[in-house]
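Encoded as structure tokens, the structure appears first; notes follow it.
To find a chain, count down the sequence lines: A is the first, B the second, and so on, and within it residues start at 1.
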Amino acid sequence: MEDQSPERLAAALKRVLETIELADVLTAPFNESIEHLLLASCRGINADGASVLLPYGDEGDLEFKWACGAVSDSLVGARIPAGKGIAGFVFSTGQPMAVSDTEQEASFYSKIDRTTGFSTHTILATPLQFGGEITGVLEYVNREGTPPFEPFSPEEMDLAALYAEAVSSLVHAHNSAEFTGRFGSRVIENALQDSDADSGELLNAIGDSGNQSDAIRLAELVRSVSSLGERERKLCMEILESFKKLTGSGERKA
Amino acid sequence: MPPVNRSLLNRLDESWKECTGKGVSVAIIDSGIDTTHPDLEGKVRSSYEASKEGPRVVFNETDSGDSAGHGTACAGIVAGIAPDAEIHSIKVLGSAGIGDGDSFLAGLEFAVKLECKIINLSLGTTKPHYSAPLRDLLDRAYLAGSIVVSAANNLPQPSFPSVFSSSLISVSKHAETDPYKFGFRFGEVIEMTAPGVNVKTAWPGGSHKTITGNSFACPHISAVLSQLLERYPDLTPFEAKSALFAISNSSRSG
């Protein structure tokens with residue numbers, strides 16, 4: 001931003017804020033749509049639960065991003081190391097597969113099951129792809145009722161591939177909106193850091209009284225605490241982490 | 001190259017079904033193999049694993065087993081039909097930094113260097129930029145006399161190399177359970193169908209799983225080929241495909 005006058009900066013930041021607001025408006029419904037689609041597809045495929053795994057980091061690890069079913073809350077956020085387990089294989093190769101009798105497996109799934117208290121008996125995993133790239137994995141587990149469960153059929157595998165197309169489009173749209181929001185927030189943070197103008201005055205000039213202004217004020221506060229030293233930074237992080245755990249957050253609330 | 005045996009199709013008889021794949025090398029390019037599994041003990045002649053040295057992918061002997069289960073499942077199918085086939089594990093999935101298209105291509109090249117007669121590829125890539133190098137590599141395998149068997153994927157988008165029907169044998173699943181009841185669909189890009197639905201096979205940790213996917217149709221054909229090659233050791237890749245056509249439940253499309 002070449003012209004650093006507070007008025008021009010405020011006008012530019014207001015446009016960025018509007019973009020962030022729009023991204024937020026889009027992210028929440030995309031989020032809900034993915035959850036609804038998972039639920040609907042579970043009924044279509046006669047599965048007891050479903051989840052979407054997306055890459056985490058640069059090493060090919062996968063993270064459960066959305067889930068429906070009995071243990072969805074504890075499943076979201078769990079991670080699978082690169083290439084491990086059925087989901088890792090499906091993500092690496094783009095080959096869908098279904099496996100039964102997983103309860104005896106001494107590998108990743110037993111670890112996840114111990115964590116969540118769930119008992120995985122049968123899995124159907126199919127890749128998500130967008131623009132020619134494998135972007136994640138869609139998984140279905142178990143059947144409704146009590147085991148033993150019928151293995152997933154080839155027809156259900158084909159149906160899962162169709163659901164995967166819809167899910168991957170929604171995931172792409174969700175991630176694009178989320179990225180736009182994050183990018184906008186970063187632009188504002190950087191602009192506030194680089195500007196000589198007082199951030200409070202700038203925010204007043206922007207005239208935004210919504211969530212974004214609060215978020216920016218919070219970021220400003222964290223930045224000033226960070227500059228005090230390592231001890232203060234760590235304390236601040238601990239307080240924020242505790243608050244996050246206490247509120248069970250981690251996902252942006254609409 | 002051995003001379004083309006033009007009378008092969010005339011003298012094919014059922015005697016190959018008594019063969020056990022003795023003396024026939026089968027490379028399984030996959031997630032590794034659990035060589036301690038009771039179904040596979042003594043059947044895996046060598047195990048190599050890919051690792052990266054700068055931009056190069058190199059292969060070293062390994063005892064790291066199978067991180068995903070998929071390679072063990074494929075090996076179990078081959079060993080179940082052709083118990084004396086000499087299986088070579090080439091692990092290109094499951095280690096940190098490994099699992100991309102480069103390691104997959106390097107694995108194929110390594111199998112050709114090992115002079116394996118049959119190369120089982122129950123995986124593939126949808127990334128178009130691997131299409132040309134894969135085609136070149138498959139031509140080299142073909143000219144070297146290695147028969148490459150590749151699994152199709154179930155997705156609307158083609159995966160490589162399964163769409164290169166001229167230089168390899170591509171396979172998708174069907175629900176038959178008899179390993180000798182496989183289909184040949186002349187005129188289709190994915191020419192062969194083989195059992196791949198609810199196949200019970202070996203899984204790491206000494207267990208067995210019931211699995212579904214094109215990935216598991218592929219080793220059925222690899223196993224049958226190893227029986228054919230024990231009986232007719234001079235078969236070229238072209239003759240091998242002709243032999244499969246002759247003994248299949250064949251059909252012509254179009």
Side-chain angles (χ1 to χ4, degrees), chain A residues 55 57-61 80-110 121-135 148-162 164-165 168, chain B residues 30-32 34 65-71 73 91-101 103-104 121-129 151-160 162 172-175 196-201 203-216 218:
Chain A
D58 299 325
E59 296 294 320
D61 295 357
I80 302 177
K84 304 281 184 189
I86 293 155
F89 179 85
V90 169
F91 181 67
S92 300
T93 66
Q95 285 285 355
M97 64 186 285
V99 182
S100 308
D101 329 315
T102 57
E103 62 179 339
Q104 291 166 13
E105 187 180 341
S107 69
F108 167 75
Y109 284 95
S110 54
H121 294 264
T122 181
I123 292 178
L124 165 57
T126 197
L128 298 174
Q129 58 172 340
F130 194 87
E133 298 282 330
I134 303 297
T135 56
F149 300 124
E150 278 291 305
F152 289 106
S153 68
E155 292 75 23
E156 287 164 338
M157 189 177 265
D158 292 343
L159 190 56
L162 289 176
E165 279 194 76
S168 59
Chain B
D30 215 290
S31 58
D34 177 5
D66 184 354
S67 51
H70 195 270
K91 184 174 182 174
V92 296
L93 297 166
S95 303
I98 294 296
D100 58 12
S103 51
F104 168 49
L121 277 175
S122 287
L123 41 86
T125 175
T126 56
K127 293 176 183 171
H129 62 275
N153 71 18
N154 301 39
L155 306 172
Q157 187 178 3
S159 74
F160 309 105
S162 65
S172 63
K173 67 182 182 308
H174 67 203
V197 178
N198 296 333
V199 179
K200 189 157 189 175
T201 184
W203 199 259
S207 64
H208 294 86
K209 297 272 179 274
T210 305
I211 49 183
T212 295
N214 289 338
S215 295
F216 313 112
C218 189

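Annotation for N198(B) and F152(A): closest pair OD1-O, 4.1 Å, computed over non-hydrogen atoms. Shortest non-hydrogen contact noted between T212(B) and M157(A) is O-CE, 3.3 Å. The heavy-atom pair separating V99(A) from K209(B) by the smallest distance is CG1-CD, 3.5 Å. Closest heavy-atom contact between S122(B) and F89(A): O-CZ, 4.0 Å.
Side chains of Q95(A) and S215(B) form a contact here, defined as non-hydrogen atoms less than 4.5 Å apart.
In this structure, CD1 in I211(B) is found 9.0 Å from CD1 in I86(A), a value given to the nearest 0.5 Å. Rounding to the nearest 0.5 Å places NE2 of H70(B) at 10.5 Å from OG of S92(A).
Contact annotation for F91(A): neither backbone nor side-chain heavy atoms come within less than 4.5 Å of a heavy atom of chain B. Residue D66(B): no heavy atom, backbone or side chain, is found under 4.5 Å from chain A.
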